[in-house]
Structure formats: C-alpha cells, structure tokens
There are 2 protein chains.
Amino acid sequence: MPSTLPQAEDHVDVLIVGAGPAGLMLANWLSRCDVKTRIVDKRGTKIFSGQADGLQCRTLEIFDSFDFADRAWRESNHMIEICLWNPDDQGRIRRSDRIPDTIPGISRFQQVVLHQGRIERFFLDAIKEHSDILVERGVLPTAFEFDATKADDFNDYPINVTVRSLSDEESTPQQQQQQQHHKSGDGKETTVSDGLFRSNLAADDTDDLIRSAESDPAVDRVESIKAKFLVGCDGAHSWVRRQLGYQLEGDSTDYIWGVLDIVPITDFPDIRQRCAIHSANAGSVMVIPRENKLVRLYIQLQATEHAQAGGKADRSWITPGIILQSAQKILHPYKLDYSYCDWWTAYQIGQRVGDQFSLKERVFLAGDAVHTHSPKAGQGMNVSMQDTYNLGWKLAHVVKGYSDPAILKTYQSERRKIAQDLIAFDHRFSRLFSGRPAKDIMDEEGVSMEEFKTAFEKGNEFASGIAVNYGSSIIVAKEGDSAKQGDGTDVASLDNTTCVISKPQVATKIDVGKRMPSFKVLNQSDARPYHFQELLKSNGRWRIVVFPGKLGLAPNMRRMQKLGARLESPDSFLHRYTPAHQPIDSVIEVLTVHAGPRESLELLDLPESFHPYSETMGWDYWKVFVDDQSYHEGHGQAYANYGIDPIQGASVILRPDQYVSWVGKVDDYEDMERFFSAFMRPRQLEKE
Amino acid sequence: MPSTLPQAEDHVDVLIVGAGPAGLMLANWLSRCDVKTRIVDKRGTKIFSGQADGLQCRTLEIFDSFDFADRAWRESNHMIEICLWNPDDQGRIRRSDRIPDTIPGISRFQQVVLHQGRIERFFLDAIKEHSDILVERGVLPTAFEFDATKADDFNDYPINVTVRSLSDEESTPQQQQQQQHHKSGDGKETTVSDGLFRSNLAADDTDDLIRSAESDPAVDRVESIKAKFLVGCDGAHSWVRRQLGYQLEGDSTDYIWGVLDIVPITDFPDIRQRCAIHSANAGSVMVIPRENKLVRLYIQLQATEHAQAGGKADRSWITPGIILQSAQKILHPYKLDYSYCDWWTAYQIGQRVGDQFSLKERVFLAGDAVHTHSPKAGQGMNVSMQDTYNLGWKLAHVVKGYSDPAILKTYQSERRKIAQDLIAFDHRFSRLFSGRPAKDIMDEEGVSMEEFKTAFEKGNEFASGIAVNYGSSIIVAKEGDSAKQGDGTDVASLDNTTCVISKPQVATKIDVGKRMPSFKVLNQSDARPYHFQELLKSNGRWRIVVFPGKLGLAPNMRRMQKLGARLESPDSFLHRYTPAHQPIDSVIEVLTVHAGPRESLELLDLPESFHPYSETMGWDYWKVFVDDQSYHEGHGQAYANYGIDPIQGASVILRPDQYVSWVGKVDDYEDMERFFSAFMRPRQLEKE
C-alpha cells in the first residue's frame, strides 16, 4: 500500500539505479562533466570480496583516462601467461601449451585481476574528488512513470521515479548460511562468506523489498525524483528493465560451476598461472591467480542429477567442500587443499541479450541488465563498465547543450552489437570449456583440444576489448551501412550535406571506429615522454589531433599557419561550438604531434591555436608533441606506427571516449567543420 | 623558570626531534620495523608550499622501497633536459647546449621536482599505514640530559629529554610581512607567502620559544621522555646539536640569491626546461620547472652593497618585486612576468659540515643539522633523507637485538663522508654558477662556460645519488682501509677471524659498497616482470641473492641442492639469527635469480630454502626469479648487466638499505656465515 502523504521531490539531469561497476562508471563520467546526477542502490554496502575480477587492457586504458589505472595496476595480480592442461594417453593431466595471456603489442597494459570491491573503491574515491555526487545506498526505486509527451523536449523531465530508503536490515542480503564451516585437510574449521545471494541461482528479492518498504509508515523515507534521463545499471534482475517491459533473449545451459577464492596449498606447478585444465572424465577447472596470494578456481560440478528439469538448479547441496572435492578429482594426481577461503559461489551458465537498450533515448539499460553470460572469460564487469563509458559523455553533451540528442541513438547501436558479439563468443567458449576432451580424432562428442587452443587464442583478442570497432554513424565518419555495422538502429547522418567520410589512406594504422592506439611521443617544451593515450583524459572534450609532418619543410609550416589562422578566426567551428567565457580548448581540444626533430622547432613558432594563451597562466605548454628519440624511454616511432607519412601528415578527430571519428588531411578544415556541424549545437542556440 | 611540579614520563626506543624530511624518513623506517618511536616538531603544521623540491633518482628508488615512489612520480614534474644559456659575442643570451638532466641508464627513475609538503604527506600517510606513530607538532624540547654511565648497556635509557607543548600561537611562524603585495605587469595585486622564516637569513627562534613555553604555568604540557636513542633532525639551527656542543665547520659566501615560485608569463623558449642562464653582466638564473604549471627561479641578486660586513645580510630590502626585476635583467631581451606567485624566499650561500654526527652512538644528528649548502643542485632534502635512511635500519636491528651496536659507528663513517663530498661539490658548483662568464680566454676572473658545462655534467652523476659508495666496514666486505674510505671513524671488523673480503670478479658490475643496480627479471611462477629493486622492499631484512647460473646444467643444480641443504639445517646461520616463531625469511631473506630459460625449471625442483613452505599459506611463489625474455617488456639481461657468468653464477649479500655488502661464489656458505657472525647476534643471546 503506497503512502498517500506528500513526498519530497527532486529534479536531476540523470538518475542512475544501481551502484555496481556500470553505475559507478557512469556516475564517475558525469562527475567530470558537471552534470546533476543521483545514483541509488538497494544494497546497504558496497561489496568487499569475491564477485567479478578480471580487468581487460582496454578497461585499464579507460581507468587511466580517469587517472586511477595506476591503483588497479599496482594492487592487482598481473596475468602474463596461460597454461593449457589436457589428459595424455594414460588420462593423466599434462601441461600441453603456454601462451601469452595478453597478445603482445596491442596495449600498453595487460590483463590483470583484482576484486570488484577495490574497483568500486577507486570509482568512489574518484567521484568524491570531482563532485558532490554521493552513492545513496539502501535506497530502493518503487515506482516509475514516463510522460511520453515530454520526451521530445530534452530540457524537460519526462521521468518520475519514486524511491524509498530501506532500513539497515532490509538492505543487507542474507548469507545462504550464517556460519559456513569448512573442514580443511588438516582438520581446522574456517568460516567464509558466500556470493550465492548475487548468483543467478538465487531468486530476486526486489519485490519482497518493495513490499516491505511500502508497508513502512515513515513518510520521510519516500522521495519523488524527476529526471531528464534514467539509466538502469541494476543487474540481471533489473527493476528498470521490468518497468520498460523489455526482455533478455537467449537461454541457459545445464552446466553448473562452483567458484572458490582460496590461498591454495598444492603441488600443482602452475597454480600462479592462468590455467585451463581439462581432465579426462572429471570435468574442467580454470585457475585464475589473484591478488593477496589468493587463487580463484572455476570448477565444473558433476551435478546434472541435482538440476531441476528445464529450470534453475537446486543449490542447497552446494558447499565449499563439495566444490573442493570436484577440483581435487580434476587436478588428480596433484594435491589441492586450503586453510583460508575468502569467498565462494556457484552459478549456472546462461547467455542472454536485451531486446532493446533504450526507451526513446531517455531511459537506458546497461551492464548485466542487458547481457548475461558466463564469468570465465573475465568479460562481464569490463563490458558493463564500457557500456556506460560509451553512454556517459553522450548524456553530458546533450545535457549541456553541446550536442543534438541524435547522438544518443548510437548507444544502442554500438553497445547492443557488442553484447551480441560477446554472447556469441561466450556461447562457443563455454561449450568448448565445459565439454569432455576428445579421446581421439574419431571421438566426435568430445572437444578437440586443438580447437580449444585456437578458440582460446582468438578469444584473447576479443577479450582484450581492443578489437571493439564501432560502426558508421553520425559520430563515426566511415564507409558502410550504419544499420548493418551496428545492431540495426538508424544512426546515420541527419542529412547528406553533413555527411563526411574519412580518408583512411592518410593514416593507415588508425582505424576509424576503434580506439586511438598509443605510442610514445615527447612534449615539445620539456622533452618528457608520454604515451599518447595519456593525453586523452576523459574530461568530456572532443579532440582534433594534427599530425603536421616535418615542420622543417616550408610547405608543411605554411599549411600549419593556414590551419591555425582558420581555427583562430572568430567564426571558426572551434569558436562556434565553445560557449563564451569558457577556455577555447574546453569543448574541442587541438593537439599537435609533429614529425621532428624536436630541436627543429620552437613552440612559439606555431600559431596560437596550437598552444593557447591565457592572461594569467601564459602560454599552454602541454598541447604540442613530437615523434622523436627520448633520453630514457626509446623512440615511440609514432608516425610509422600510426601509418602516417611524415611529409604528408594527417589530422584525426577523436571522440571524448578516445574512439576515432574521422581521419583526413592536415588542413581538411572544411571536412572537420562539416563533421561537427552534423550533431554539434552552436553556442548561439544555447541562449535561445 | 622550569616547572617544579611532577612531570609526565615516557620510555621510548627512539626519540626523533624534527619532522622535516630527515625526521619523517626515520620515523617511516622505524614504523616498518616495529620500534617504539616518538617524533616531535616545534612547528604547529607541516609546510604546504615552497621549500626543497628536487628528488634525485636514488631518492625515488628509496621511496619505491617504501611503496610510494609512484605517488611522487605521478605528481611531480619530470626533469628531462637541461639547457645552458650563455652570452654571445654581443652579450645577448643564447642557448648553447642541451644535455640530459639524468644520465641515461643509471637508474629506472629520473630526477623529478615536487614540493616538500607533498613529500612530507607521503611519509605521513606511510607512517600511519604501518604504525601508531603520530607526529607531535607544536612540541618543543627544552632540556637534555645524558647519563654516560648507562651508555654501554643498549637496553638502558641514558637519554632524558624534557618537552613542552606549545600553544597554537607559539608554534606558528610569523610571516615576514602579514600581507605581501606584489603588483604584476598588468597592475593586479597578489598576496603570496614567503619562506624567509626558514631561510638562513632569519634568526633562530628556538630560544624565544623555550622562554615563552617555560613561563607558561600549565603543568600538563610538560613531559619527560627517556630514550635509548635520540636523533636530531632539527635543521640548521639544531637544538640537539647545541646540547652536544658540536659545531658546523665551514663558511658562507657573499652571494645572495632570491627564489620565486611562479606561473610564468614569458616568451623565453626554455621556461619548461631546467636552465642555467649566465648573463653577461646581470648575474645568473637557474630555471626549475615544477608541478602545477609552476616554475621556480633561482635568481642572483646584485646586492653586495646591502650585505653586512662579514655576517648575515640585511634582508629587509628583499621583496618578490626586487627579485623579479633582477630576473628580468638577466633574461633580457626575453620578457618575464607573472600574475600568480606561490612562494618566495632569499638566502645567502653557506657551506658547512658537522664535526661529529654522534654522541657514543646514542645521540645522532642528521640532515641540515650537520650539513648546509646551496639549494640549487637539488641535493639538500635528498642527502638529508638518505642520512636517516642509512641510520634507520641500524637502530632497528640494535633495538631488536639482531645486531651488535658496533654497526652504529658506520653511520658517521658513511654519512659524514657523503656530507664532506657534498660540500666540496657545492663549493665548486656555486662558484661556477655565481661567477660572471668569461669574456674570452684571457678573462681570468670570469668563469669559463666550457668548464661550467663539464662541471654540470659531472655534477649530475654525483647529484643522482647513485654514485654513493660506502667504504669498507664491518658491514661492507671489501678491500681497503675503512678509516680512509669513510670519515676516519674506526668501523673495521672487531677481530680478524670474522673478516671476509668479497670476490668482485664473480659479479664484475656489482660494486660492493654501492646500491644494488636494477634490471628486469621474471617471476619463475607466473612470468611477471619485476625490476629487481622492486623485490628489495625496505622492511628491515638482510638479503642473500643467489645467482645459480643455468640450472639445466647438472653441476649447477647440485650446487643449489647443497647450498639449500646447508641453509635448511637447524644450525645454519639463517636459523641461528632468526628468532624462534618468526618466519625463516624475516631477518635474512633468500632470493634466487637463475639464468634461464624459465621453462627449464619447475619451482618445486629447488630445495625448500629457496621457496619456504607455510602450513597455512602453502609454498612461497615470490622468491625465485629468472633472467629471461618477457612477453611485453623485453629481456632484462640481468646476468650480463650484473657481470655474472651464467655458468659460474654468484651470490650477493645486500643490506636492508639495498647497499651491497658482499659478493662471492654461489656456494660460499662459510663466507656468508663469517660475514654475518661479525655483527649479528644469535637468537639464543636474546633469551639471556
């Protein structure tokens, strides 16, 4: 029975439901862009152990753009090598292969493992440093209204969400068992916490929580939040998704897996490597070494007899001891035991994708709310965070009036396509990993270990996150059918006069639609080496990167002077899209990387556009870089690595999320202008 | 008039007076070693801007051993290139040379600049993380007593220091002027804080503070601290030094320098480089670009007419405006102005070294209390911190009963020698920098710019801190006269039977007495690359590093098995010097770096000594490393870089501060034992 008393009311630009990695990434983005944001979560506390753990190299690049990759890099366990273990002729497991965990050269980071609780901590610290946004825990949304008549005015608030504050008791999930005892090999008993309440084997408790909250008479615990945008980052049981009536499409398998986070006592030689172990008949184990001497084991449970026909498995029989026994059978003849278990859970593999990611570009779904799959490829948390990394700057630019709302359609186009790819990958990989190894070439029911290795290696590229290639759209200027390159959503330019196509031949190793690769360059003014991506902080700015080639050549310098003059002109697109009284680099930043040598140029030889002047701070010494030999860190060979001719040069437009929008000639001023004019709003319109 | 009422009393192992960088480094060391420590400082707050700023690469290595180099590296400005500017034939300043700021290859770090307040913050955070030690501010020592009859019993407390808590008003230094206005070029006025109260142009206020505190009737603000050890880190006016009656020997020059920390507005092209600028007739400027867009300028003031004959200069005429005018003259024809000044000060160069660094190895002096010099080489804070980095572990080992007090004599022997070298360097460098450039080769009064450049380059090696080479002593097993290699103190072995000499030919590029160089090696168990120094954390442990060569060779493996068996034996020196119930690696840690390939070895093939077992944690996977190719970070070539033959191998003993004590053959067990027996105390003695 809802309360009938007056409710408190608030107006926000963005309301985020769910403070897991996807929700926190979004709040973090918006905290850098000065967008009025609230974020609520029904749970009373953040998590402290277990849960997701793998961080892809692309995720670390994104963390670095928010200035906290170093914390993750430092605390995490680094994944360097994968060992594959398979049964030999006698059925005994043997190490059959060693392969690098991260493909060498694709990123300046490699995959690492760190528990989700630490990652949430980094986000919370970053949000606090940049804004007043507080994560509101123990706050449950109980009602949702959408006024479609307001949906076309992006300054209006079509969304109304009622939220209620829960008591501490309501917001603390029950452990499956209060005291989970395990008797280890030496007879000692230990107590551990389990993650089953978040597992897909657990029933959702949201409806119970709503009923419990609504029967509470305290009126000050109810609030009505009016929002321009609502984003559901509230997990596989998403309450926001249910309000929209959207579905997860796909199905679940009969495979049940157990997970143990333990400090292992073992003679298995590769316990500190990532391992995929196929036993002859006892199932499979994946070994994921973690921080703090922990190792995570994903262990296939021989448990089909316990599964309920056609539905969720009964989980009451699963204990750490049962999971350990399964692992011991698979690892035989090696010994495995533990005296410390940090966390454990069990899950049934299911693969599903949401049918829609958005309601009229006012309500969005992200993360587990729109894709669920198996955890073993270390993908879930990464793809979820990358969903909202894609969405955050788009919301901010629409809220601030920089951009036409049309860019918001690219969220579903870009991210639903990724989710579909992920589920296809996971489907294939899970089958290969859960299957019994083939005894020989005639054993058609068994899984070929050669096929598994090939899939594993290919999977690594996908899993790195570096391969993501967004399709043609209003913000990605490349050839092709934008519907086919995405999930089918129409995201093409609004009209043909603004349609710009890149000239990929001028930068043959920069792929339009992929994230900008990174090589070392030197600051012109102080010779300090930077990885180029370090210059691409996630602060909401578009960037034009000018590669003018060798500036010792008079035509190249003249070309720069001409481009500089056009950019400096009061009617240039730079000035047109930058609000008055904001620094000229605050919406679109111009960076330069010349082909060297560094000593051939003085910074002040270049026009002011390339190193803006401030009356209080003098010249900007952090915009012009050079591809040259460093004293201590070698030569980045950026021109060669980007495929840019040091005579001809190139220009590149990067989205605020580091993805490449356009490549063209150094002085293609008209194409740059046309590109931006397709979706940017001139500052004059702001005042209307 | 001292209070006659009963005083509070406390007993501590170590009392530190002064919470600047030297005092905080010591507190930080002791916080890792579980030593009962108090640290007091008469000032009411830490400093927030200005003061010392340069961090040498050796200092960063030390910070890394305490796990916070990454914070300094991240926040600081990196010093990459030095530009030398000299007058040309027409007397106009020109860039004459570019040289690297840090000599390439000497360290994995390069020199950086970050203000002292941040560095103190890193120490404070680290101390808090590892102990309950609190920095007690506004606490002034007022009386010192030393009971020489207790000085020979190192379990007794010969020291008694009376301390009084100051009021907030007493502990806050007065700014020279409450409102320091500067009218910049555009007519705007700004307010800045100055550092003159800490400058050597300021009178010491300690006696005033003592008088003021003693006249205060509040009895609860007086305390008597009995200490085993007292360390004076209380600056150039050191109160502790005065209690001992020790002197600073040396003299001061007539040169007066001003310092400005500003955000410069200038067309001088190298303002973001470290520059040494000699004008023809207007004096010299050193440019030190800093963090947060600041630049520090050291500016020679044309001010001899203001100096008092034979003493301290009058400072009342010095203002930021005067200093700026001098800089403008020197930099002409380039323009220089600012609208933001963060800090400023002025000083007169003086070079002095303490005559003694210790009283009976119970009271020690460190940092500015025993050496003062000019700040421009960025040395002062570094040498001061390295003083107490040298002392900290020695105090801890004596307090804990691991070591004979004889090792404490090496503090003066090692650090007074360094101070003498520093002053000699500074004397020469200051003269060259303050002098007028020679007009031509016949101008004997002028300074040759060639000579200046040579001195600058040589100075860079000294200034890096990497060149430090401690002399022969009870803890540095090398040839030569230990008195001559140090400051004259007798630090040789107590008797000849324990005298061990290294075999330098087995590791030709590891210098006994210098810090262990660092190259990348891979962890045997997970293939992760580490810079070798990363394994040498400052946790108080001695280390034996075994380089067994190629373990695929049967004789090499047999040698390791023999060494392992001897170390495992209950009467081995490892067991003899490790207190019962402590882990076997807690006093002396054994690390192994084999010559590869990594795939030729399984960890458990090696004896247990090299990867100790714990009943709760299993095998230790972080003791055995390999010199091999990594997937992502190249090949460290450690054997080649250390000058070790991969067939013969070598063993190395490292002090807890990373300095090399001894090198010998892989299985020189007897020499290792004799080395340690010269100063280590067997655990049996503890119980007596």
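Because the structure is a prediction, the values reported are computed rather than measured. Chain letters run A, B, ... following the sequence lines, proteins first and then strands; every chain starts at 1.
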Heavy-atom proximity to chain B below 4.5 Å, by part of A:P264: backbone
Which bit of A:L603 is near chain B, if near means a heavy-atom gap under 4.5 Å: side chain, backbone, both or neither? neither
Please name all residues satisfying ring-ring contact (aromatic ring centres under 6.0 Å, His included) with A:F532, sequence neighbours left out, ordered by chain then number. none
Counting heavy-atom pairs under 4.5 Å to chain A, which of B:A527, B:P289, B:C83 comes out on top? B:A527
Partners passing ring-ring contact (aromatic ring centres under 6.0 Å, His included) against B:Y621 (at least two apart in sequence or in another chain): none
Please flag which part of B:T266 lies under 4.5 Å from any non-hydrogen atom of chain A: side chain, backbone, both or neither. both
Lys/Arg N to Asp/Glu carboxylate O, A:R71 vs A:D125, below 4.0 Å: yes
Give a yes or no on whether a salt bridge exists between A:R274 and A:D101, defined as a side-chain N under 4.0 angstrom from a carboxylate O. yes
With a sphere of 6.0 Å drawn around CD of B:Q637, does it hold more than 12 non-hydrogen atoms of other residues, nucleotides or ligands? yes
Heavy-atom proximity to chain B below 4.5 Å, by part of A:Q524: neither
Please determine if B:E589 and B:K623 form a salt bridge, counting it only when a charged side-chain N lies under 4.0 Å from a carboxylate O. yes
Under 4.5 Å from any heavy atom of chain B, what part of A:D67 do you find: side chain, backbone, both or neither? both
Chain B: which of A:W619, A:Y631, A:Y613 shares the most heavy-atom pairs with it under 4.5 Å? A:Y631
In terms of heavy-atom pairs under 4.5 Å with chain A, the winner among B:L522, B:D270, B:T102 is B:T102
Note: vs chain B, highest number of non-hydrogen pairs under 4.5 angstrom among A:R98, A:K293, A:M79, A:R108 is A:R98
Only pairs of heavy atoms separated by less than 4.5 Å count here; which of A:E599, A:E81, A:H632, A:Q273 has the most with chain B? A:H632
